[in-house]
A.B. asks: 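Below is the structure I would like to discuss, written out as structure tokens.
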Amino acid sequence: MRRIDTFVFYSLERLLKHIESPKDLKKLNLDELPKLAQELREFIIDIVSTKEGHLGASLGVVELTIALHYVFNAPYDKLIWDVGHQAYGHKILTGRKEIFDTNRQLGGISGFPKRSESEYDDFGTGHSSTAISAILGMAMASKLKGNINRQHIAVVGDASIASGMAFEGLNHLGVTDVNALIVLNDNAIGIDPSVGALKKYLTNVKAGTAKDENIFECLNLDYTGPIDGHDLKALVTELERLKHVDGPKLLHIITTKGKGLKQAEEDQVVYHAPGKFDKITGERFKKSGEVQPPKYQDVFGHTIVELAKINQKIVGITPAMPSGSSLKFMMEEIPERAFDVGIAEQHAVTLAAGMATQGLVPFCNIYSTFLQRAYDQVIHDVALQKLPVIFCLDRAGLVGQDGPTHHGVFDMAFLRCIPNLIIFSPMNEMELRNIMYTAQFGLDGPIAIRYPRGRGATIDWKNDFESIEIGAGRSLKNGSKIAVLTIGHIGNTVAELIQKLDRPEEVGHYDMRFVKPLDKNLLRSVFNTYEHVITVEDGTKLGGLGSAILEFINEEDLSKPVKIFGIPDQFVDHGDVLETHQMAGIDFDTIHSYIQSTLNQCD
């Protein structure tokens with residue numbers, strides 16, 4: 001490299017191709033790091049533009065990623081990314097460059113840090129706000145084991161640090177003397193723009209208008225910043241200094257999500273995970289003009305607006321997912337009654353409970369996988385008090401490439417054991433609309449409505465509303481030999497495959513709709529009519545619909561055989577939705593083959 005005045009001229013040779021681990025990175029001169037940053041951005045854009053994935057978050061931390069691995073000694077030093085959307089550059093620099101094009105693909109690397117994947121991935125972070133607690137645990141363990149020179153770093157986004165668990169970790173960290181550094185990656189956005197009083201405070205800190213006392217210093221952290229998170233020299237200099245400062249520390253850096261791709265900087269919500277796009281222009285490829293059924297999330301979003309315009313008591317709540325859940329439609333049209341509470345699932349549930357005590361009709365809209373984070377609130381604050389909160393659980397079932405951290409397969413099992421709680425899963429868009437319509441009139445307790453990621457089954461879905469009888473299933477098709485009982489959207493697959501059997505007239509199909517309460521009259525009729533009963537669900541076999549049916553036949557002292565199709569007792573890896581269904585054994589071909597074989601045995 002040579003320097004002339006203010007212009008830097010680099011060798012034409014690519015730096016990134018020589019880097020297989022952080023050891024190779026450390027061989028570079030500090031002046032070469034900006035060129036590496038440019039190449040790393042280009043590499044991420046090149047792969048994600050064709051393979052899809054999370055884009056904006058990783059582009060925003062390219063310089064930070066390089067600086068951390070340049071200064072610290074991973075994997076001896078511990079490094080956690082919160083959330084793991086940011087970790088693409090980390091993966092590329094730690095030995096996974098050649099296989100990065102398998103990211104989120106079947107058999108490929110995970111889209112999130114994963115301990116079993118690399119010694120450099122110190123903690124799995126598919127869900128947010130866990131890094132401070134985890135890094136504190138590692139730092140305390142190092143101290144107990146006498147590893148006084150080991151560094152412990154957690155990179156936490158400004159949306160993640162506002163979560164309750166992050167504050168619990170900070171509260172503990174501040175009264176320890178462990179060697180831990182929290183890097184606050186402040187870009188004012190998670191998936192959607194950050195919200196809340198802490199966001200306003202950080203904005204004031206950046207503007208120099210915050211009050212004299214610094215909130216992090218008040219928590220006994222050695223605070224530095226804010227500094228430019230895209231200035232590699234400044235980052236390296238400060239990280240080198242902090243490496244020699246004892247005790248808990250926090251470095252506040254300012255970054256731009258999507259940095260380096262104009263469209264990703266300008267439309268940070270869409271380019272969080274933009275799908276396929278032109279890597280040169282940044283423009284997203286247009287979808288086919290074919291008319292398709294709507295996404296379930298959009299059916300929810302439009303329906304709650306429709307209902308809320310009539311029912312003034314309806315309010316909508318989401319923990320940081322207004323775009324992903326489509327509550328954004330209500331936030332745009334009726335903003336005074338639609339609330340994004342940030343990454344705060346526990347708060348969202350109890351907020352809804354409080355509103356319900358005052359006669360409001362709260363629709364608490366949470367991804368199935370994130371409701372796991374508020375389990376006690378569902379039990380203690382809602383169900384125990386029989387408060388009519390309406391939980392709308394998006395992304396139920398297998399979600400595909402986000403993998404086991406995001407599959408919504410446990411909800412039926414962990415909710416079914418809770419007294420006073422109704423569980424419903426619509427087979428199509430009209431059923432979703434109708435149960436929302438029914439629930440908003442008021443129930444005796446809470447209801448959980450679970451529906452999958454992706455599109456429904458019907459083009460013409462905007463039906464007139466009809467009330468649904470609580471606990472009533474539907475007979476879709478009568479048969480004589482085999483009854484198939486389904487719950488939710490997967491019933492559409494079953495309806496299709498029954499028609500492709502050799503003798504479809506011998507197979508009955510029943511949409512149970514409710515996992516709780518079960519339609520016991522319908523079940524009695526089924527078990528009195530058919531020789532074989534099969535259940536199909538996109539949740540875990542343990543504790544789900546099939547388990548509920550087995551409990552029923554035990555109570556009724558019945559002895560008919562029941563075959564359960566559901567998610568086995570294991571975490572399902574990532575792949576597209578069809579591939580994950582195949583891994584779980586609930587795909588079209590597997591179920592079709594079993595039913596046909598059973599039919600043949602009935603001869």
A.B. asks: Would you say the side chain of Thr486 lies within less than 4.5 Å of the side chain of Glu537, judging by non-hydrogen atoms?
C.D. replies: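 Glu537 does not reach Thr486 side chain to side chain.
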
A.B. asks: Check whether Asp519 reaches the backbone of Gly473 with its side chain - one donor and one acceptor, N or O, closer than 3.5 Å.
C.D. replies: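 Yes: the side chain of Asp519 pairs with the backbone of Gly473.
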
A.B. asks: With the threshold set at 4.0 Å, does a side-chain nitrogen-carboxylate oxygen contact exist between Asp121 and Arg96?
C.D. replies: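 Answer for the salt bridge query: yes.
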
A.B. asks: Using distance alone, with no hydrogens and no angle criterion, decide if Asp298 and Ser326 have a side-chain donor and acceptor under 3.5 Å apart.
C.D. replies: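 Distance-only check passes for Asp298 and Ser326.
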
A.B. asks: Between Asp46 and Lys279, does at least one N-O distance fall below 4.0 Å, as a salt bridge requires?
C.D. replies: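 Here Asp46 pairs with Lys279 in a salt bridge, since their nearest N and O are under 4.0 Å apart.
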
A.B. asks: Looking at Glu52 and Arg104, is any side-chain nitrogen of the basic one under 4.0 Å from a carboxylate oxygen of the acidic one?
C.D. replies: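 A salt bridge is absent here (no side-chain N lies under 4.0 Å from a carboxylate O).
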
A.B. asks: Quiz question: by atom type and distance under 3.5 Å, do the side chains of Thr255 and Asn185 form a donor-acceptor pair?
C.D. replies: yes

A.B. asks: Under 6.0 Å from the ring centre and within 45 degrees of the ring axis: does the NZ or CZ of Lys563 meet both conditions for the six-membered ring of Tyr594?
C.D. replies: yes

A.B. asks: Look at Lys462 together with Glu306 and state whether they make a salt bridge at an N to O cut-off of under 4.0 Å.
C.D. replies: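 Result for this pair is no, no salt bridge flagged.
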
A.B. asks: Would you check if Phe300 and Asp394 make a side-chain contact, meaning some heavy-atom pair closer than 4.5 Å?
C.D. replies: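 The answer is no, as the side chains (C-beta and beyond) never meet within the 4.5 Å cut-off.
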
A.B. asks: Is any side-chain heavy atom of Arg513 closer than 4.5 Å to one of Arg474?
C.D. replies: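 A side-chain contact exists here, since the closest heavy-atom pair is under 4.5 Å.
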
A.B. asks: How close do Ala264 and Leu55 get, counting heavy atoms only, and between which atoms?
C.D. replies: CB-CD2, 4.5 Å

A.B. asks: Tell me whether Glu333 is salt-bridged to Lys328, with the criterion being a basic N under 4.0 Å from an acidic carboxylate O.
C.D. replies: no

A.B. asks: Regarding Ser368 and Arg395, do their side chains bring together a donor and an acceptor under 3.5 Å, going by distance alone?
C.D. replies: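 Note: Ser368 and Arg395 side chains miss the donor-acceptor criterion.
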
A.B. asks: Give a yes-or-no answer on whether the side chains of Thr458 and Glu429 include a donor-acceptor pair shorter than 3.5 Å.
C.D. replies: yes

A.B. asks: Under 30°, 30 to 60°, or over 60°: which ring-plane class applies to Tyr375 and Phe414, parallel, tilted or perpendicular?
C.D. replies: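 Judged by the thresholds at 30° and 60°, the geometry between Tyr375 and Phe414 is perpendicular.
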
A.B. asks: Ring-plane angle category for His406 and His127, please: parallel below 30°, perpendicular beyond 60°, tilted otherwise.
C.D. replies: perpendicular

A.B. asks: If only side-chain N and O atoms count, and only distance matters, is there a donor-acceptor pair under 3.5 Å linking Asn365 with Thr318?
C.D. replies: no

A.B. asks: Would you confirm whether Gln440, through its side chain, and Val361, through its main-chain N or O, come within 3.5 Å as a donor-acceptor pair?
C.D. replies: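 No; zero donor-acceptor contacts below 3.5 Å.
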
A.B. asks: May I ask you to check whether Phe571 and His407 place their ring centers less than 6.0 Å from one another?
C.D. replies: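 No, ring centres 6.0 Å or more apart.
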
A.B. asks: Answer yes or no: is there a side-chain heavy-atom contact under 4.5 Å between Lys51 and Asn103?
C.D. replies: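 No; the side chains remain at least 4.5 Å from each other.
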
A.B. asks: How are the rings of His85 and Phe112 set relative to one another: parallel (under 30°), tilted (30 to 60°) or perpendicular (over 60°)?
C.D. replies: tilted

A.B. asks: Using only heavy-atom distances, determine whether the side chains of Ser323 and Asp192 contain a donor-acceptor pair under 3.5 Å.
C.D. replies: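 Side chains of Ser323 and Asp192: pair found under 3.5 Å.
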
A.B. asks: Check whether Arg416 reaches the backbone of Lys516 with its side chain - one donor and one acceptor, N or O, closer than 3.5 Å.
C.D. replies: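 Side chain of Arg416 to backbone of Lys516, a donor-acceptor pair under 3.5 Å: no, none is there.
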
A.B. asks: Treating Ser163 as the side-chain partner and Ser129 as the backbone partner, does any N or O pair qualify as donor plus acceptor under 3.5 Å?
C.D. replies: no

A.B. asks: What is the minimum heavy-atom distance between Phe565 and Gly585, and which atoms define it?
C.D. replies: CD2-O, 3.4 Å

A.B. asks: Can you check ring pair (Phe, Tyr, Trp, His ring centres under 6.0 Å) on Tyr296 and His489, steps first, answer last?
C.D. replies: CA-CA 10 Å; Tyr296 276 101; His489 180 79; 5.4 Å; yes

A.B. asks: So do Ile343 and Ser160 actually touch side chain to side chain, heavy atoms under 4.5 Å?
C.D. replies: yes

A.B. asks: Can you confirm whether Val195 sits close enough to Val341 that some side-chain heavy atom of one is under 4.5 Å from a side-chain heavy atom of the other?
C.D. replies: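 The answer is no, as the side chains (C-beta and beyond) never meet within the 4.5 Å cut-off.
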
A.B. asks: May I ask you to check whether Tyr88 and Phe100 place their ring centres under 6.0 Å from each other?
C.D. replies: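 That pair passes the under 6.0 Å test.
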
A.B. asks: Are the side chain of Gln86 and the backbone of Val83 linked by a donor-acceptor contact shorter than 3.5 Å?
C.D. replies: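 Yes: the side chain of Gln86 pairs with the backbone of Val83.
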
A.B. asks: Say whether, by atom type as modelled, one donor and one acceptor occur between the side chain of His574 and the main chain of Gln105 under 3.5 angstrom.
C.D. replies: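 Yes; at least one donor-acceptor contact below 3.5 Å.
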
A.B. asks: Quick one, Lys500 and Gln596 - any side-chain contact, counting heavy atoms below 4.5 Å?
C.D. replies: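 No; the side chains remain at least 4.5 Å from each other.
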
A.B. asks: Is the closest side-chain donor-acceptor distance between Asp576 and Gln401 under 3.5 Å?
C.D. replies: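 The criterion, which ignores hydrogens and geometry beyond distance, is not satisfied for Gln401 and Asp576.
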
